[in-house]
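Everything below concerns the one structure shown next.
Chain letters run A, B, ... following the sequence lines, proteins first and then strands; every chain starts at 1.
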Amino acid sequence: MNNDKDLFRQALQRQNERAAKMKMPEDMEQRVMKSLTPRPLQAERELKSKRFFLSWRAVGSGLIAASILLLLVINIGKNTTDDRHPLAQQSIRPNNPQPAAQSIIEEKKEETMAVVQPKEKPVKKQRPVQIDKEQQLAKAETPSPTKAVKLFTTADSLYYYLTQLENQMGECRDSTCLAELSNLMRADERIKGLVNKIIHKQVETAYKEEYLVDTTIHYIPL
Amino acid sequence: MTNEDNIIIQRIRNGKTQEFGLLVNRHGPSLMLFVGRIIEQQKDVEDVVQNTFVAAYEHMKDFDSQKASLLTWLQRIAYHESLYHLRKRKRQLLLPLDVGDDIPDELPEATTAEQLDEAIQKLTSEEQMLLQLYYYDGRPLKEIAYITGKAGDSLNREVSRLSSRLHRIRQKLRIILTRLNNE
């Protein structure tokens, strides 16, 4: 193996002799120094790339922050819509022949559901209605029917319709208005019947609950 | 030598760029000799050495005097620069050989230095350089591994890779020499 090494050294000698003939040119230093990027320039380049990176990072973070803010605003906007006064959320059906009657049916359904399932959001305390009519109509055009049904109560609804009627009755001259008036009168009769029915049921229940009928002793107070 | 190099490097790092010329003058001739072993043309050797110094300047912050001396670090850069230069020239393997594991790596008996020199010429520049570093310079495998290794490579892995590579080169030489003897 040592012989091999010597042999290799001898064989490689020729290459080394050739390499030894290569002298470094005198201007090598100048050539190298000319090719070098000046350090300040290099530092400037690094600074530039750093700035570029930082600006992009700032833009990115700004975009993220803006989108989060936008989402929040949208979300708050939604909540605000939901929290509006129940009256403002009602959908108006001007061409409906029996608006009062239908709304009462809807309200009754809602009340029944409310007894079975407690509402997710408690309805805010009712404020006296002083909202401008046009404003109300504008607001009432858009809300989704499910949310609107959820949030208003029968009393609110009646209160609202009565206010509307009070405003409209003075200007009621044409045939359409008169027809609507007769519809309202019919609806009023139905409301009266409904109220009577409810009162009757309540009296009956109160009577049954107050006294328990026993066969041996006639009336045992609870 | 190493201490002086470190002082100069420190000055360069502190902004005294012109001091880099000192390093060029100190290590330029050694690098010329180093590169001249695998590249034959004087002009090409000069270009490679120049590129080596430029690369060294640009990566001055990466130099770690604990790992190797400045000259070894420069030789590492020069080695890769030379290979890059040769690859650009599309110098292909002169004698593609299939080397199996069953071939012994000892040189045939009665091989002369001239024959071996002729056989070495048929190897690739990279292989010739490995032989130079190992047999002529007598450098330890670890140092050669540092020169030939690439950034991020594990030194131990590079040493074992180098060892098997030298084994394959000797096998190759044996085949070439056997063919030369038969001719």
Which one wins on heavy-atom pair count under 4.5 Å against chain A: B:Met32, B:Gln132, B:Gln42? B:Gln132
Checking the side chain of B:Gln115 only, and the main-chain atoms of B:Thr112 only, is there a donor and an acceptor separated by less than 3.5 Å? yes
Look at the side chain of B:Asn14 and the backbone N and O of B:Gln10, then say whether any donor-acceptor pair between them is shorter than 3.5 Å. yes
Honestly, the part of B:Val54 sitting under 4.5 Å from a heavy atom of chain A is both
Taking the inter-plane angle between the rings of B:Phe53 and B:Phe20 on a 0 to 90° scale, is it parallel (under 30°), tilted (30 to 60°) or perpendicular (over 60°)? perpendicular
Examine whether an atom of A:Arg14 lies under 4.5 Å from a heavy atom of chain B, and if so say whether it belongs to the side chain, the backbone or both; otherwise answer neither. side chain
Side chain to side chain contact (heavy atoms under 4.5 Å, CB included), paired with A:Leu72, selected from A:Leu70, A:Ile74, A:Asn75, A:Ile68: A:Ile68
For each of B:Asp137, B:Val35, B:Thr111, B:Leu22, tally heavy-atom pairs with chain A at distances under 4.5 Å, and name the one with the top tally. B:Thr111
Given a strict heavy-atom distance threshold of 4.5 Å, which part of B:Leu116 is in contact with chain A: side chain, backbone, both, or neither? both
Please flag which part of A:Arg31 lies under 4.5 Å from any non-hydrogen atom of chain B: side chain, backbone, both or neither. both
Using a cut-off of under 4.5 Å on heavy-atom pairs, state which of A:Met28, A:Gln30, A:Gln10 scores highest against chain B. A:Met28
Using modelled atom types and a 3.5 Å cut-off, is there a donor and acceptor pairing between side-chain atoms of B:Glu81 and backbone atoms of B:Val49? no
If you count heavy-atom pairs under 4.5 Å with chain B, which of A:Arg9, A:Gln13, A:Met22, A:Lys21 comes out on top? A:Met22
Quick one: what part of A:Glu17 sits under 4.5 Å from any heavy atom of chain B, side chain, backbone, both or neither? neither
Is the backbone of B:Tyr134 close enough, under 3.5 Å, to the side chain of B:Arg139 for a donor and an acceptor to pair up by distance? no
I'd like to know if the side chain of B:Ser163 and the backbone of B:Val159 have a donor-acceptor N/O pair within less than 3.5 Å. no
